[in-house]
Number of protein chains: 2
Amino acid sequence: MAERRRYHHGDLRAALIDTAVELIEEHGVRAFSVAEASRRLGVAVSAPYAHFADRDELLAAVAVRTYELFRAELAPELDRVRQPAGRLAAIARAYVRFAGTHRALFSMLFEALPDKTRHPEVAAAEQPIDDAFRSSVHALSGSDELAQAVEATAHGYAMLLLDGAFGEHGDAIQRAAEGAARATLALVESRDLLIRPIGR
Amino acid sequence: MAERRRYHHGDLRAALIDTAVELIEEHGVRAFSVAEASRRLGVAVSAPYAHFADRDELLAAVAVRTYELFRAELAPELDRVRQPAGRLAAIARAYVRFAGTHRALFSMLFEALPDKTRHPEVAAAEQPIDDAFRSSVHALSGSDELAQAVEATAHGYAMLLLDGAFGEHGDAIQRAAEGAARATLALVESRDLLIRPIGR
DNA sequence: GTCTATATCCCGATAGAC
DNA sequence: GTCTATCGGGATATAGAC
């Protein structure tokens with residue numbers, strides 16, 4: 001007989017975000033619904049609407065949580081490596097690792113994220129990561145092209161990893177992350193080729 | 001008063017794929033349902049099940065159509081450029097362009113594609129593209145690393161483009177595609193850095 | 001802030017007639 | 001091969017009581 005506990009703990013808002021994360025990590029975004037999260041917590045399906053205007057607002061909160069999680073994992077790497085090129089490679093490595101260790105959360109950011117313009121708190125949570133990234137790039141190249149190339153490459157490795165291109169073994173994450181780090185260094189090395197030729 | 005035309009034209013299967021493509025292009029995969037496609041075509045919601053076992057099978061057919069479309073757009077590029085490095089760059093450019101001009105179809109391949117192992121026809125449609133890509137890489141490097149780097153980079157530029165990182169102007173597609181082509185050439189140039197050092 | 005109850009809507013899929 | 005009709009399920013969101 002299931003314990004049909006009332007909800008006493010006083011922070012349903014945070015508990016809902018936790019549960020949404022769980023659901024998404026277990027079976028992907030498609031498995032998430034406000035109703036299902038409510039059932040898991042043993043509250044009425046209407047209870048969440050006292051804390052979130054609608055489903056999208058809860059998903060946006062999950063996205064904020066995700067960016068904060070990545071930021072926390074990235075921070076020690078930034079402390080460890082001070083050289084710009086090494087930092088960029090470390091960021092790319094951490095990005096791919098995060099994608100591999102939090103697959104569904106990472107995917108959610110690109111599959112199901114509600115319109116960012118309507119949820120500025122998501123953009124705000126992304127900001128510090130972007131700042132660390134851009135400042136490392138800026139120390140190496142004044143133009144945007146290197147930033148775009150590195151960002152694209154890291155993201156691409158992450159997607160390939162999730163797509164199974166690196167196999168399903170335990171070291172797939174590691175190999176993908178190292179590949180992204182090396183590709184980043186290769187792009188830095190040939191960064192002059194990235195700049196649009198003058199007068200073309 | 002809506003014309004409540006019966007369906008006479010005899011190829012409901014193909015018409016369903018067309019309509020699914022339309023729906024996805026208009027409002028994303030979330031807007032697609034077998035029921036909605038049926039309504040658009042003026043047939044009963046049960047009619048599609050005479051041609052597709054279930055919803056996923058129809059989506060798989062859309063994926064096949066998408067790969068064929070990309071293949072058709074890629075072919076003239078491959079005829080035009082014969083040098084391996086130039087070919088790789090041309091493939092990357094075409095890939096990003098395709099993503100930009102068929103946004104929702106492209107996204108669908110990664111957001112909503114049903115399990116590939118259960119739909120071998122999708123993998124088969126992807127095969128020729130993969131072959132052209134791998135043969136160009138192989139002429140430049142015997143190892144897998146360059147292939148992964150170029151693939152990741154092209155895919156990453158495509159995702160950045162769809163994410164709005166290149167702006168919303170008319171030339172965003174062009175700039176993203178050129179960026180991907182140049183990054184590809186940069187990776188080719190520094191390809192030695194991609195290889196895992198021996199004995200590490 | 002949470003509950004019960006409900007309105008409203010949509011979907012996938014099947015059965016059986018034509 | 002298509003239609004009518006329907007089953008069974010699940011979702012979002014609101015109203016009003018406590």
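Chain letters run A, B, ... following the sequence lines, proteins first, then strands; residues in each count from 1.
Of the residues in residues 28-37 of chain A, A/S33, A/V34, A/A35 come within less than 4.0 Å of DNA chain D through at least one heavy atom, sorted by number. Taking every heavy atom of residues 18-27 of chain B and every atom of DNA chain C, no pair lies under 4.0 Å.
For the pair A/R55 and D/dG10, the criterion of a side-chain N or O lying under 4.0 Å from OP1 or OP2 is not met. Note on B/R13: every side-chain N or O is 4.0 Å or more away from OP1 and OP2 of D/dT2.
Here the P atom of nucleotide D/dT12 and the CZ atom of A/R39 are 9 Å apart, to the nearest Å. Atoms CZ (B/F52) and P (D/dG1) sit 12 Å apart, rounded to a whole Å. Put simply, CZ on B/R40 is 15 Å from P on C/dC10, counting in whole angstrom units. The NE2 atom of B/H51 sits 16 Å away from the C1' atom of C/dT14 (whole-angstrom rounding). Whole-Å rounding puts the B/L58 CG to C/dG12 P distance at 10 Å. Summarising the geometry, the separation between CG on A/D54 and P on D/dA13 is reported as 5 Å, rounded to the nearest angstrom. Taking atom OH on A/Y49 and atom C1' on C/dA5, their separation rounds to 15 Å, with Å as the unit.
The number of heavy-atom neighbours closer than 6.0 Å to CD of B/Q83, taken from other residues, nucleotides and ligands shown, is 12 or below.
How far CG of A/L194 is from CG of A/D144: 11.5 Å, rounded to the nearest 0.5 Å.
A salt bridge does not link B/R65 with B/E68: none of the charged nitrogens is closer than 4.0 Å to a carboxylate oxygen. Of the charged side-chain nitrogens involved, at least one lies within less than 4.0 Å of a carboxylate oxygen, so that A/R80 and A/E77 count as a salt-bridged pair. A salt bridge between A/E189 and A/R182 is absent, with no side-chain N of the basic residue lying under 4.0 Å from a carboxylate O of the acidic one.
Listed for the B/R93 side chain is no donor-acceptor partner under 3.5 Å among the backbone atoms of B/A180.
Under 3.5 Å, the side chain of A/S46 and the base of C/dT2 form no donor-acceptor pair of N or O atoms.
Paired with B/Y95 under the rule side-chain hydrogen bond (donor to acceptor under 3.5 Å, both in side chains), one option of B/H155, B/E73, B/E151 passes, and it is B/H155.
Between B/F98 and B/F70, the angle of the ring planes lies from 30° to 60°, which puts this pair in the tilted group.
Relative to the side chain of A/V45, the nucleotides C/dC11, D/dC3, D/dA13 differ in distance, and D/dA13 lies closest.
Counting non-hydrogen atoms under 4.0 angstrom, A/A50 reaches a base of the nucleic acid.
There is a path of hydrophobic side-chain contacts, each under 4.5 Å, that joins B/Y67 to B/I24.
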